[in-house]
Amino acid sequence: MITCRLILPQRRAKEKDPERRTMTRAEQAEAGTAEGAPDGAPRQVSQLRQLAAASVGNAVEWYDWYAYSFLAVYIADRVFPQDTGNPLVPLLSTFAVFAVGFFMRPVGGLLMGAVADRRGRRAALTLTILLMGGGSLLVAVIPTYAAAGVLAPIVLVVARLVQGLSVGGEFAASTTFLVESAGPGRRGLFSSFQYVSTTAGQLLASGTAALLAGVLTDGQMGQWGWRLVFLIGAVFSLLGLWIRSGARETRSEEQQAAARPGIFEALRRYPRQSLLICGITAGGTLAYYTWTTYLPTYAQVNAGFDKSEALTAGTLSLLFFALLQPLGGLLSDRVGRKPLLLGFALGFAVLAVPLLHLVTDAFWSLLLVQCAGMVLLTGYTAVAAAVNAEVFPARVRAAGIGFPYSLTVALFGGTAPYVGTWFKQAGNADLFPWYVSALCLVSFVVYLTLPETAKQKLDT
């Protein structure tokens with residue numbers, strides 16, 4: 001009787017206290033205490049570890065990817081023939097290879113996304129960083145056109161195809177990993193670190209290129225300095241691989257085993273959502289690659305801007321851009337995703353043309369134009385990962401995001417430098433700003449149709 005009196009009050013107390021009931025696995029995942037987190041560890045410690053695993057590895061990935069664009073003028077001189085009679089032809093060839101890498105991204109998004117949905121997000125993140133490091137090493141040791149002839153551009157294309165496969169899968173896997181690792185009311189903040197880390201990698205690539213361009217002579221930079229940037233990237237990939245090895249999987253083995261979706265299941269079962277991802281991404285990716293990647297080259301080609309100063313201005317504006325991302329993510333968790341997306345698209349539709357026309361050969365003109373554009377751009381970049389992840393259910397989320405997103409980036413983002421340079425060669429450089437404005441207007445119309453998902457529970 002004594003035993004019963006001791007046990008029954010405890011049972012009644014537990015029944016009266018709803019906070020003490022056992023949480024379901026989905027609730028544990030939402031609260032940050034799911035399987036894989038150390039017993040008794042604070043939720044924020046687990047989330048910070050997840051954030052670091054995704055962000056540091058992602059920064060390494062994008063360092064390797066963006067180093068190519070910042071060093072395009074040097075690669076053009078070494079890998080493509082120079083006796084064409086037009087100095088823009090080798091540069092156009094270099095940007096064409098840049099675009100070819102982008103067209104491998106949809107394949108990467110589809111394949112690596114399927115790996116993430118079937119085998120886990122961490123398995124996909126491990127595979128993507130290995131591929132990126134291998135591609136970077138291949139660029140570092142590529143022979144010159146003078147030494148190997150046509151083999152040199154062939155090796156360059158192969159390296160960029162491998163990197164395109166990697167980076168296409170990286171966005172799909174890291175986006176789902178970040179958003180699924182976030183606690184309640186923090187998906188916008190966590191999603192902003194997709195572009196914080198992307199920009200950190202870009203910033204590191206730009207800063208390394210700018211440092212070497214400032215320290216070395218132009219001849220040294222053209223001979224071997226640009227190769228050093230890619231060799232450093234290959235070493236960074238090993239560091240990123242080690243950091244990611246400590247990440248916690250966001251979906252349990254039971255959830256993965258129960259799902260086992262086919263590669264094309266997201267496209268087949270969710271065609272509307274797939275098209276929606278394309279519309280969400282089109283204007284954003286064009287504006288992003290124009291402002292963060294192509295603008296220094298645009299200033300060199302159209303305004304006679306100094307190479308070294310263009311890299312420096314790009315580096316400073318990227319630092320400013322990275323600092324804006326968490327602020328935009330936090331704001332979206334409070335006011336919603338749609339206001340930020342609409343502000344971005346309308347801002348670029350109206351201001352892209354006058355901003356690009358303000359670029360001259362003066363250092364401050366380029367820096368101010370870049371920073372102004374990046375304030376507007378944050379309305380898209382800070383929330384893109386969260387918006388994309390909130391469109392698809394968990395079982396097909398990575399592949400569902402990966403293919404349409406990467407295809408749209410390939411069509412409009414990866415071709416931005418090539419299209420801009422082509423307009424210049426054709427004598428119509430003034431048309432490129434209108435192209436940016438028009439595509440952002442298309443995305444503005446898409447954003448108007450989106451439901452607000454900031455306060456909705458994420459499917460797990």
Check whether any side-chain N or O of [X] sits under 3.5 Å from a backbone N or O of [Y] as a donor-acceptor pair, and report yes or no.
| X | Y | result |
| --- | --- | --- |
| Ser437 | Trp434 | no |
| Ser443 | Gly279 | yes |
| Ser55 | Ala52 | no |
| Thr415 | Tyr418 | no |
| Thr290 | Leu286 | yes |
| Thr449 | Val446 | yes |
| Ser197 | Gln194 | yes |
| Thr126 | Arg122 | yes |
| Ser191 | Ala382 | yes |

Please report the interatomic distance [atom1]([X]) to [atom2]([Y]), rounded to the nearest 0.5 Å.
| X | Y | atom1 | atom2 | answer |
| --- | --- | --- | --- | --- |
| Phe403 | Cys278 | CZ | SG | 8.0 Å |
| Asp430 | Lys424 | CG | NZ | 9.0 Å |
| Gln300 | Thr421 | CD | OG1 | 10.5 Å |
| Leu450 | Leu276 | CG | CG | 5.0 Å |
| Ile232 | Asp64 | CD1 | CG | 10.5 Å |
| Tyr435 | Asn428 | OH | CG | 15.0 Å |

Test: Glu170 and Arg121 ion pair at under 4.0 Å
no
At their closest point, which heavy atom of [X] faces which heavy atom of [Y], and how far apart are they?
| X | Y | value |
| --- | --- | --- |
| Ala313 | Leu367 | O-CD1, 3.6 Å |
| Gly336 | Ala454 | CA-CB, 3.9 Å |
| Ala394 | Glu180 | CB-OE2, 4.4 Å |
| Thr208 | Leu204 | OG1-O, 2.6 Å |
| Leu448 | Lys338 | O-NZ, 3.2 Å |
| Ala59 | Ala200 | CB-CB, 4.2 Å |

Could you work out, with salt bridge (Lys or Arg N to Asp or Glu O under 4.0 Å) as the rule, every residue matching Arg337, not counting sequence neighbours?
Asp333, Glu390
So do [Y] and [X] actually touch side chain to side chain, heavy atoms under 4.5 Å?
| X | Y | answer |
| --- | --- | --- |
| Phe230 | Tyr63 | no |
| Trp226 | Val139 | yes |
| Ser365 | Leu358 | no |
| Pro326 | Leu189 | yes |
| Val419 | Phe412 | no |
| Leu377 | Thr292 | yes |
| Trp291 | Leu356 | yes |
| Leu407 | Arg105 | no |

Is a donor from one side chain sitting under 3.5 angstrom from an acceptor on the other, for [X] and [Y]?
| X | Y | answer |
| --- | --- | --- |
| Gln325 | Thr199 | no |
| Ser166 | Thr128 | no |
| Asn388 | Thr175 | no |

Using 30° and 60° as the class boundaries, would you call the ring planes of [X] and [Y] parallel, tilted or perpendicular?
| X | Y | answer |
| --- | --- | --- |
| Phe432 | Tyr298 | tilted |
| Phe344 | Tyr380 | tilted |
| Tyr270 | Phe392 | perpendicular |

For the pair Tyr405 and Phe171, evaluate ring-ring contact (aromatic ring centres under 6.0 Å, His included) and give the outcome as yes or no after the intermediate values.
CA-CA 9 Å; Tyr405 172 85; Phe171 184 87; 3.7 Å; yes
Is there a side-chain contact (heavy atoms from CB on, under 4.5 Å) between Thr381 and Phe321? Walk through the geometry before answering.
CA-CA 10 Å; Thr381 54; Phe321 181 64; 3.4 Å; yes
Would Leu51 and Ser181 count as a side-chain contact (heavy atoms from CB on, under 4.5 Å) here? Give the steps.
CA-CA 8 Å; Leu51 198 59; Ser181 296; over 6 Å; no
Looking at Tyr68, I'd like to know if the NZ or CZ of Arg160 sits under 6.0 Å from its six-membered ring centre while staying within 45 degrees of the ring's axis.
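Arg160 over Tyr68 ring: yes.
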For the residue pair Tyr195 and Tyr288, is the inter-centroid distance of their aromatic rings smaller than 6.0 Å?
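Yes, close enough.
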side-chain contact (heavy atoms from CB on, under 4.5 Å) between Gln370 and Leu316, intermediate numbers included:
CA-CA 9 Å; Gln370 282 194 290; Leu316 292 174; over 6 Å; no
So does Arg227 have more than 12 non-hydrogen atoms from other groups sitting under 6.0 Å from CZ?
yes
Trace of the side-chain contact (heavy atoms from CB on, under 4.5 Å) decision for Arg244 with Asn58:
CA-CA 10 Å; Arg244 283 187 167 176; Asn58 195 47; 4.0 Å; yes
